[in-house]
Amino acid sequence: MSVDTKKDAGQVAAENLVTLTIDGQPVSVPKGTLIIRAAERTGTAIPRFCDHPLLDPAGACRQCLVDIPDAGNGRGFPKPQPSCTMPVAEGMIVKTQNTSEVARKAQEGMLEFLLINHPLDCPICDKGGECPLQNQAMADGRSESRYEGVKRTYPKPISISAQILLDRERCVLCQRCTRFSDQISGDPFINLQERGARSQIGGYEKDGYDSYFSGNVVQICPVGALTSKDYRFRSRPFDLVSTRTTCELCAAGCELRTDHRHYQVTRRLAGNLPEVNEEWNCDKGRFAFRYGRGADRITRPLVRRDGVLEPASWAEAIDAAVGGLKAAGPHVGVLTGGRLTVETSLAWSRFARVVLGTNNIDFRSRPASGEEASFLAAQVAGRSLAESVTYADLETAGRIVLVDLEPEDESPAVFLRLRKAWYKHRVPVTVIGSHLTRGAAKMGASLAPTAPGDESATLVRMVESDQIDDSTVLLVGERAATSPGTLTALVDAARVTGARLAWIPRRAGEIGAVETGCLPGLLPGGRPVSDSGARIDMAAIWGAVTLPSEPGMDAGQMLASVGTDGGCRALMISGVQARDLADPQAARRAMGDVGFLVSLEQRASEVTERADVVLPVSLLEETSGTFLNWEHRPGRVRVINKEAPTPMNEIRVLAALADAMGSDLGMRTVVEANNAWHEIDPWQGPRSALADPDTVEDPGDPDEAAQRRDSALSSGALKADLWHQMLDDSAALAGATHLIDSARPALVRVSPAAAEQIGAADGQTVAVAGPAGSVELPLAVEPTMLDEVAWLPSSAPVSEARGLTSLREILGVSPGDPVDVAVKSEGGAA
């Protein structure tokens, strides 16, 4: 049963309160409150099935009937009324099942009707043990059934989607699932079909249920009608232990309820955190929890001997790692990735500065830029929740502007809140992009047509035309790093107009990495490396004599420096996939050519294949910590598996390495690291200023790259627009078979005019070619697409022959780069 405990009537002005009596107890609630909510404030739970505090009232199940002898006007209702659809009135008198025989008999009668056709398969039903129908039948129903006919049956189950199953005979037609899809996620779903006694929930024959949020309908179903293929028949609720934790699969910060049995996770459910994800979560956060259970899990240290990685003891592995790192001296590069908790990122930041004596540390295992590093130091680091844009602010904004951010794919909880802001409050959303995506359409968004790389010019035009003001919230994604000048234009727009600005990365650990100083020019708490006072302050906190003063190299520079004078002679890498980096092939070469490579990893990867020492570390479910979401709101991660095959988390490994190198990390456990984090106050001195994008040194010659793009585009190529879809070929999805099956296929989207020029029709297979290679994809004609742009996913399963391969790497393109799209001839050539 879903009970709304979020609103406090005491916070509402007295003139907006209505006083009524429920079961003889007076209660004052805000005007417009439903009777069922008012009863909850008195501690009375009225039975219900269709009611949910986050869904619009439906009055479908009629289980919440109450007796109203006085509607506030001296007259009562002749029959019981549904409390989930009727608002309160001044002076109203309500009697629930606790004080009224009329209400009790009405509810008992409704239960009897619901159970006439409901199967008695509780022992095998996934909902058994946590089923509202089961609980209420025992508490409020008849002890014996008077129905002697044959129950209605259907073939079971039917597949609604790649991972959702429907047992129609269990359904009580509460319509929670259909209302969730219509109101919350905006996805076309199943709906009521047939009429009368034949009424049933059914699917569309043409299109299946395609939603990133389908698991929520299973969770809110009050009976076992909707189940997931992932969990079906796997466990009983009373066999499970539940632990509240925070999702690690994006920067939204959703609270989860993780259910486990014998220290093995069996399912994840959305937690109840009104400030963040309310009671929802995405399918990736719900179903992608098996990535560390495969045969590629690393449980023992590995050391390369005679060119071959061989198992070793921890002492041998630590000694081998220390020997290689000492030989490299300060010429060590550290790549930490974006998956780490705040505590682990802090350990890495201190290890680099105090133990290795270098500022060569970067968490950005993706295309990045010097402009972005400057932006993060100036606008993101050292901020608190009170200074940040929050989920609540999205619902009250005058306008939301999205820049290089597709929330449905890159931050699903943000998408749900933006859709709510539009659906409930009509907050206008503007997308600066090449086309209106499916997610943008569900937010009622308008399009500011912009080709990749032209975002800064569009922002300037919007400011000049007063489309951005002090009520606007600007949300920017990590893809802005690939568009020179965009981040600077955003900061200028916020400064000129008073708009509020928030950066929303994809990975859960990126905000924490910024705050803990996992950047070459930044120390924890927003302290600039270049500021001597900041270095002295941080050295005092860490108990170090001194800290390196020269800003280090970023990820791209570290890899490019391998084999050069003064370049990196050793690399330490944690949780980074080569395919995610800006130039995957160059990264692989650098990892193979570097003098010494240490990998702290959970599973075998391209990095471990090239490593000289591999140190296995715990999965997130085997340790604890904190994530900072995009709001800078902390979310706790709690231990689920207490029988981990690898007892060493990264903090313990780094502490052991520091000891062997004759230094002190200052922390050995997550608790000590958390205490150390709270001892670091935000820097009160001068912050890093946002650098002029024209003066920021980035790899390559931007003018030469622009000329190359313009030359290629003049020959008829299209500008590539691309980003990661939520469900792609990420390593995080390993083992989640049904979730992978629900991923949206890779395709290329072009405008009608571009399709006509290509000579291809919607759905036809075309060849897409970039500087590095080509691939065949279905063509989708998108009416809102700019004529000079082609969109494709940056990462997606392409074919069985290629395996799970980054599409961005196959083509060798970044946003704004040219791609050729052509129809394939019968002979196979384009």
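Nothing fancy with the numbering, it's 1 onward along the sequence. When reading the values below, keep in mind they use all heavy atoms of this one structure, side chains included, and skip hydrogens, waters and symmetry mates. Every value quoted in this text rests on a predicted model; they were computed, and no experiment measured them.
- Looking only at atom types and distance, the side chain of R339 has no donor-acceptor partner in the side chain of S365 under 3.5 Å away.
- Using a 4.5 Å heavy-atom threshold, the side chains of S235 and L240 count as touching.
- Considering all non-hydrogen atoms of both residues, E343 and V670 come closest at CG-O, 3.8 Å.
- Side chain of R808 to backbone of R579: a donor-acceptor contact under 3.5 angstrom is found.
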Checklist entry - Where do D362 and T336 land on the side-chain contact (heavy atoms from CB on, under 4.5 Å) test, with the steps shown first? => result CA-CA 6 Å; D362 196 351; T336 63; over 6 Å; no
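- Between F351 and A658, the shortest heavy-atom contact is CE1-N, 3.9 Å.
- One N or O on the side chain of S369 and one on the backbone of A481 form a donor-acceptor pair closer than 3.5 Å.
- Geometrically, R744 engages Y212 in a cation-pi contact defined by less than 6.0 Å to the ring centre and at most 45° from the axis.
- The salt bridge (charged side-chain N to carboxylate O under 4.0 Å, His left out) contacts involving residues 583-595 comprise R588-E606, R588-E809, where partners must be two or more places apart or lie in separate chains.
- Between the side chain of N360 and the backbone N or O of G552, no donor-acceptor pair lies under 3.5 Å.
- Partners of F213 by ring pair (Phe, Tyr, Trp, His ring centres under 6.0 Å), not counting sequence neighbours, listed by chain and number: F415.
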Item to check | Chi angles and distances behind the side-chain contact (heavy atoms from CB on, under 4.5 Å) call for R257, T243 | outcome: CA-CA 6 Å; R257 193 190 97 187; T243 302; over 6 Å; no
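- Of the candidates R507, R366, R364, R507 is the only one forming a salt bridge (Lys or Arg N to Asp or Glu O under 4.0 Å) with D580.
- Side-chain contact check for E621 and T258: no donor-acceptor pair (N or O, by modelled atom type) lies under 3.5 Å.
- Here the shortest heavy-atom pairing between F233 and D126 reads N-OD1, 2.9 Å.
- For K229 (side chain) and A162 (main-chain N/O), a donor-acceptor pair under 3.5 Å exists by modelled atom type.
- In summary, the side chains of T341 and T344 do present a donor paired with an acceptor at a separation below 3.5 Å, with no hydrogens or angles considered.
- Legend: ring-ring contact (aromatic ring centres under 6.0 Å, His included) pairs involving residues 306-347, not counting sequence neighbours: none detected.
- Taking CD from E515 and OG1 from T626, the interatomic distance works out to 13.0 Å, rounded to the nearest 0.5 Å.
- By the side chain to side chain donor-acceptor pair (under 3.5 Å) test, R261 pairs with no residue at all, sequence neighbours left out.
- Scanning all heavy atoms of the two residues, the minimum distance from L522 to A381 falls at CD2-CB, 3.6 Å.
- Counting only N and O atoms by type, the side chains of R232 and T227 include a donor and acceptor under 3.5 Å apart.
- With rounding to the nearest 0.5 Å, the separation of OG in S345 from CD1 in I361 is 8.0 Å.
- Considering only residues two or more places apart in sequence or on other chains, A736 meets the side chain to side chain contact (heavy atoms under 4.5 Å, CB included) condition with L739.
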Output a table of donor-acceptor pairs, distance under 3.5 Å, between side-chain atoms of residues 246-253 and any protein atom two or more places apart or on a different chain; print 'none' if there are none.
from	atom 1	to	atom 2	distance (Å)
T246	OG1	R636	N	3.2
T246	OG1	R636	O	2.8
E248	OE1	R268	NH2	2.8
E248	OE2	R268	NH2	3.2
E248	OE2	Y291	OH	2.8

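- Within the 4.5 Å cutoff, side-chain heavy atoms of S599 are placed close to those of V607.
- The nearest pair of heavy atoms linking R286 to L269 is NH1-CD2, 3.6 Å.
- With no hydrogens or angles considered, no side-chain donor-acceptor pair links T266 and D259 at under 3.5 Å.
- Between the T564 side chain and the S561 main chain, a donor and an acceptor come within less than 3.5 Å of each other.
- By the 4.5 Å heavy-atom criterion applied to side chains, L615 and M648 are not counted as neighbours.
- Without hydrogens or angle criteria, E410 side chain to E406 main chain gives a donor-acceptor distance under 3.5 Å.
- Shown here are the side chain to side chain donor-acceptor pair (under 3.5 Å) partners of R652, two or more places apart in sequence or in another chain: there are none.
- Every ring pair (Phe, Tyr, Trp, His ring centres under 6.0 Å) that W280 has, sequence neighbours left out, goes to H52, F180.
- Atom CZ of residue R479 and atom CD1 of residue I504 lie 11.5 Å apart, to the nearest 0.5 angstrom.
- Pairs passing the ring-ring contact (aromatic ring centres under 6.0 Å, His included) check and including a residue from residues 236-272, sequence neighbours excluded, do not occur.
- A donor-acceptor contact closer than 3.5 angstrom is absent between the side chains of D230 and S228.
- Here the shortest heavy-atom pairing between A320 and V613 reads CB-CG2, 3.8 Å.
- In terms of the side chain to side chain donor-acceptor pair (under 3.5 Å) criterion, residue partners of D659 (sequence neighbours excluded) are, by chain and number, R668.
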Next on the checklist: Under the criterion side-chain contact (heavy atoms from CB on, under 4.5 Å), I'd like the reasoning laid out for V303 against D612: C-alpha separation, chi angles, the key distance, then a yes or no.
Outcome noted: CA-CA 6 Å; V303 174; D612 295 284; over 6 Å; no
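- Between V594 and L597, the closest side-chain pair of non-hydrogen atoms falls below 4.5 Å.
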Next on the checklist: Under the criterion side-chain contact (heavy atoms from CB on, under 4.5 Å), I'd like the reasoning laid out for L733 against L727: C-alpha separation, chi angles, the key distance, then a yes or no.
Outcome noted: CA-CA 8 Å; L733 300 187; L727 302 178; 4.3 Å; yes
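- Contact of the P412 side chain with the K284 side chain is not registered, since no non-hydrogen atoms from C-beta on lie closer than 4.5 Å.
- Under the 3.5 Å distance criterion, with hydrogens and angles disregarded, no donor-acceptor pair is assigned to the side chains of E478 and W503.
- Listed for the N216 side chain is a donor-acceptor partner under 3.5 Å among the backbone atoms of N281.
- Distance alone, capped at 3.5 Å, places no donor-acceptor pair between the R353 side chain and the R350 backbone.
- Among residue pairs with one or both ends in residues 299-309, those qualifying as side-chain hydrogen bond (donor to acceptor under 3.5 Å, both in side chains) are R305-E310; sequence neighbours excluded.
- Q163 places no side-chain N or O within 3.5 Å of a backbone atom of S742 that could act as its donor or acceptor partner.
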Checklist entry - After noting the C-alpha distance and the side-chain angles of E650 and W348, does the key distance pass the side-chain hydrogen bond (donor to acceptor under 3.5 Å, both in side chains) rule? => result CA-CA 9 Å; E650 291 193 38; W348 272 108; 2.8 Å; yes
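- Put simply, the side chain of D409 gets close to the backbone of M726: a donor and an acceptor are under 3.5 Å apart.
- Remark: N649 engages T623 in a side chain to side chain donor-acceptor pair (under 3.5 Å) (not counting sequence neighbours).
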